[in-house]
Amino acid sequence: MNAAAIQPYALLDDLECEQRIVRAKQALGERVVVLGHHYQRDEVFRHADFTGDSLKLSRQAAASKAEFIVFCGVHFMAEVADILSRPEQVAILPDLAAGCSMADMADLQHVEKAWKELASVLDPDTAITPVTYINSAADLKAFCGAHGGIVCTSTNARHVLDWSFGRREKVLFFPDQHLGRNTGFTMGIPLDEMVVWNYDRPMGGLTPEQIENAKIILWKGFCSVHQMFQPDQIDSFRQKYPETKVIAHPESPFEVCRKSDYVGSTEYIINTVAAGPPGSRWLVATELNLVNRLHDQHKHEGTSVHFMSPNVCMCSTMFRIDPQHLAWVLENLVDGQVVNRVSVDRETADLARLALQRMLDVSP
Ligand code: 13P
Ligand code: SF4
């Protein structure tokens, strides 16, 4: 039987999709698990069997016994699910175009080039631990696995950096400069010991002295959503509402994190707002779907949760996962067809798993 094409699904309204998703999930029973990242839109998020941040969902994928893991998130998350699950399990991303613009800012070719160029100043395999944020392609995780490195998420970046400095004196951190800088600074590393590697320039645009003096070499990558948050947005909001508590995801710029009362992953943001007293006011620097959901969940307690930027900043790639695509992949599974499988080749997966396992071992 051929897989049903997506086109007819694009014409379905959300309500019809809703009913068809529920029916398909019922028909599949325990054969399928649907994982949903906090940035997913509500029409999709409500169908998730488990929700979470990147760390929680990778643990969930590793623990799942389901035949099919349908990941409502972005591409690197489905890759991690494939790497950490058993070989006979199948990871599915409802829309394969749901990538991550930050993850795309580092590729294997440029990271290998950087490693070679760094070798003209020091021996990277004894002096530098490569650390990749989980928001990266599987071959970069494999690169870390092969070079004594490790993966991190926004939840465990501090533990991962502690582990890394316990082994080698320096870290090459990719792709997100902000998570690297924000975490390094809270560990007491001065800003001038964290240099930015511009992958478009020879030697990253750095001198040998800058490399020798650096503790962390930060890849010049960023999240297009979180870079929209600015410190003056905090100042003007606090002027109006001085009692506001400010909370930011560590992908936000350094000055935003410095001015925030709390900094942490999406799961941390959810738990911190939930633990706040009723009637509190929050200004939040993270993706809009999550901020709106937090407001809706807490408004009955008189709590208000505000989005930091005056501009609408959704993660456009997370938004690609819509009820139509979810209905499409699930109904195909009911019909015995796998569409939009994400599969990492064995050699890459084995090395990437090594780097992911190191992360899981050091995570709180
Ligand atoms: P979390 O690990 O905090 O869920 O972050 C993932 C992500 O992509 C944030 O932009
Ligand atoms: Fe990637 Fe930013 Fe979207 Fe997170 S919010 S998935 S880092 S583009």
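Just so it is clear, the structure is predicted and the values come from calculations on it, not from any experiment. Whatever order the structure lists ligands and atoms in, that order sets their numbers, starting from 1. Heavy atoms only: backbone and side chains are in, while hydrogens, waters and symmetry mates are out.
Ligand-side atoms of ligand 1 in range of Ser265: 3 (O), range being under 4.0 angstrom from any heavy atom. Each of the following atoms of ligand 1 lies closer than 4.0 Å to a heavy atom of His226: 10 (O). Every atom of ligand 1 is numbered from 1 in the order shown, and the set under 4.0 Å from a heavy atom of His249 is 1 (P), 3 (O), 5 (O), 9 (C).
The protein heavy atom nearest to atom 7 (C) of ligand 1 is Glu251 OE2, 3.6 Å. Of the protein's non-hydrogen atoms, the one nearest atom 8 (S) of ligand 2 is Ser101 OG, 3.6 Å. At the shortest separation from atom 7 (S) of ligand 2 among protein heavy atoms lies Asn135 ND2, 3.2 Å. Among all protein heavy atoms, the one lying closest to atom 8 (O) of ligand 1 is Asn135 ND2, 3.0 Å. Residue, atom and distance of the protein heavy atom nearest to atom 2 (Fe) of ligand 2 are Cys223 SG, 2.4 Å. Counting only heavy atoms of the protein, atom 1 (Fe) of ligand 2 lies nearest to Cys100 SG, 2.4 Å. In terms of protein heavy atoms, atom 4 (O) of ligand 1 is closest to His37 NE2, 2.6 Å.
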Q | Verdict with supporting geometry, Lys65 and Glu30, salt bridge (charged side-chain N to carboxylate O under 4.0 Å, His left out) | A | CA-CA 8 Å; Lys65 295 198 170 25; Glu30 292 186 354; over 6 Å; no
Q: Apply salt bridge (charged side-chain N to carboxylate O under 4.0 Å, His left out) to the pair Lys259 and Asp235, showing each step before the final yes or no.
A: CA-CA 9 Å; Lys259 283 196 172 211; Asp235 295 339; 2.7 Å; yes
Q. After noting the C-alpha distance and the side-chain angles of Asn292 and His295, does the key distance pass the side chain to side chain donor-acceptor pair (under 3.5 Å) rule?
A. CA-CA 5 Å; Asn292 285 344; His295 181 74; over 6 Å; no
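Side-chain contact between Lys299 and Asp296 is present, with at least one heavy-atom pair separated by less than 4.5 Å.
A salt bridge links Glu117 to Lys113: at least one charged side-chain nitrogen sits closer than 4.0 Å to a carboxylate oxygen. Ion pairing of Asp49 with Lys25 is present here, as a side-chain N (NZ or NE/NH1/NH2) and a carboxylate O approach within less than 4.0 Å. With respect to Asp350 and Arg353, a salt bridge is recorded, a charged nitrogen being found less than 4.0 Å from a carboxylate O.
Annotation: Ser54 places an N or O atom under 3.5 Å from an N or O atom of ligand 1; distance criterion only. Residue contacts with ligand 1: Thr266 is placed with a nitrogen or oxygen under 3.5 Å of a nitrogen or oxygen of the ligand (distance criterion only).
Residue Lys56 comes nearest to Asp53 through the heavy atom pair N-OD1, 2.9 Å, listed as atom of the first residue, atom of the second, then distance. The minimum heavy-atom distance between Arg201 and Gly205, with the atom names listed, is CB-N, 3.8 Å.
Here Met102 has no heavy atoms under 4.0 Å from ligand 1, in either its backbone or its side chain. Residue contacts with ligand 2, taken as heavy atom pairs separated by less than 4.0 Å, involve Glu251 solely via side-chain atoms from C-beta onward.
Taking 4.0 Å as the cut-off, Ser154 counts as a neighbour of ligand 1 on heavy-atom distance. Taking a 4.0 Å cut-off on heavy atoms, Tyr268 fails to register as neighbouring ligand 1.
Between His147 and Phe143, the ring centre distance stays below 6.0 Å.
At a cut-off of 2.8 Å, Cys315 is counted among the residues with an N, O or S atom near atom 3 (Fe) of ligand 2.
Under the side-chain contact (heavy atoms from CB on, under 4.5 Å) rule, Ser224 has a single partner from Ser101, Cys100, Cys315, which is Ser101.
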